[in-house]
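Below is one structure, written out as structure tokens; the observations come after it.
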Amino acid sequence: VKFESKNQIPAGIGIYRYLDSTGALIYIGKGEIRDRASSSERIEWGIEKIQYSFLNNDDECFKWENFYLKSFEDEHGILPAFNRISGRNS
């Protein structure tokens with residue numbers, strides 16, 4: 001979904017990925033997807049798109065967030081830009 005349409009995301013927990021205008025992955029996170037996207041500091045991140053998946057519970061969110069962070073780091077040698085600055089560093 002486009003970032004400006006974030007309010008159309010249904011309520012629910014899960015994992016999400018933010019992409020910038022070039023399609024680069026800039027953040028991987030977990031939690032209440034719509035609420036996190038509406039957080040004031042994220043407006044300045046240059047988010048163009050939000051990819052997300054709803055999950056059943058916090059344990060699943062934690063598991064999949066760690067999986068995607070590790071996969072990204074294994075492939076690129078670093079975490080996504082805003083995970084290095086702001087998010088939880090696994």
Side-chain angles (χ1 to χ4, degrees):
V1 62
K2 291 242 180 225
F3 184 70
E4 61 265 11
S5 300
K6 65 187 173 290
N7 292 331
Q8 295 175 6
I9 298 172
I13 65 167
I15 56 168
Y16 51 89
R17 300 163 21 124
Y18 296 154
L19 290 85
D20 68 12
S21 61
T22 69
L25 180 60
I26 59 172
Y27 187 74
I28 298 169
K30 66 175 176 50
E32 183 65 44
I33 298 163
R34 184 179 56 205
D35 290 351
R36 298 284 172 89
S38 298
S39 179
S40 61
E41 77 271 0
R42 295 179 188 199
I43 293 169
E44 299 176 11
W45 287 8
I47 302 165
E48 181 73 20
K49 266 187 168 175
I50 303 169
Q51 298 174 333
Y52 62 92
S53 297
F54 291 112
L55 297 170
N56 295 322
N57 58 55
D58 287 334
D59 290 338
E60 283 187 33
C61 292
F62 184 74
K63 173 186 139 187
W64 286 106
E65 179 193 35
N66 281 332
F67 171 81
Y68 286 115
L69 284 168
K70 181 168 179 5
S71 296
F72 186 93
E73 188 171 26
D74 288 349
E75 183 176 337
H76 300 281
I78 57 174
L79 291 172
F82 286 96
N83 287 98
R84 285 176 278 165
I85 300 168
S86 179
R88 186 185 58 74
N89 193 353
S90 68

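All values below were derived from every heavy atom in this structure, side-chain atoms included, with hydrogens, water molecules and symmetry-related copies excluded. These numbers were taken from a predicted model, which means no experiment stands behind them.
- Interatomic distance, CZ of Arg34 versus CD1 of Ile9, reported as 8.0 Å (0.5 Å rounding).
- Here the straight-line distance linking atom CG of Asp35 with atom CD1 of Ile13 works out to 12.0 Å at 0.5 Å rounding.
- If you chain together hydrophobic residues whose side chains sit under 4.5 Å apart, Leu25 and Phe67 fall into the same group.
- No donor-acceptor pair closer than 3.5 Å links the side chain of Arg17 to the backbone N or O of Gln51.
- Judged purely by atom type and a 3.5 angstrom limit, Glu32 uses its side chain to pair as donor or acceptor with the backbone of Gly12.
- Contacts of Asp74 classified as salt bridge (charged side-chain N to carboxylate O under 4.0 Å, His left out), with partners at least two apart in sequence or in another chain: Lys70.
- Qualifying side chain to side chain donor-acceptor pair (under 3.5 Å) partners for Arg36, counting only residues two or more places apart in sequence or in other chains: none.
- Remark: Ser21 engages no residue in a side chain to side chain donor-acceptor pair (under 3.5 Å) (not counting sequence neighbours).
- At distances below 3.5 Å, at least one donor-acceptor pair connects side-chain atoms of Arg84 with backbone N or O atoms of Leu79.
- Nearest heavy atom pair, residue Glu60 against residue Asn57, reads N-OD1, 2.8 Å.
- Using a 4.5 Å heavy-atom cutoff, the side chains of Leu69 and Pro80 are in contact.
- For residues 2-14, the pairs satisfying side chain to side chain donor-acceptor pair (under 3.5 Å) are Lys2-Glu48, with sequence neighbours left out.
- The cluster map of Ile, Leu, Val, Met, Phe, Trp and Tyr, joined by side-chain heavy atoms under 4.5 Å apart, puts Phe54 and Tyr16 in the same cluster.
- Using a 4.5 Å cut-off on side-chain heavy atoms (C-beta onward), Ile50 and Tyr18 make contact.
- Counting heavy atoms from C-beta on, the side chains of Ile26 and Ile47 come closer than 4.5 Å.
- Applying the side chain to side chain donor-acceptor pair (under 3.5 Å) criterion to Ser40, with sequence neighbours excluded, gives no partner residue.
- Looking at Asn83, its side chain does come within 3.5 Å of a backbone N or O of Ile28 through a donor-acceptor pair.
- Contact check for Ser53 versus Trp64: no side-chain heavy atoms found under the 4.5 Å cut-off.
- Side-chain contact check for Tyr27 versus Trp45: some heavy-atom pair is nearer than 4.5 Å.
- Under the ring pair (Phe, Tyr, Trp, His ring centres under 6.0 Å) criterion, Phe3 pairs with no residue, sequence neighbours left out.
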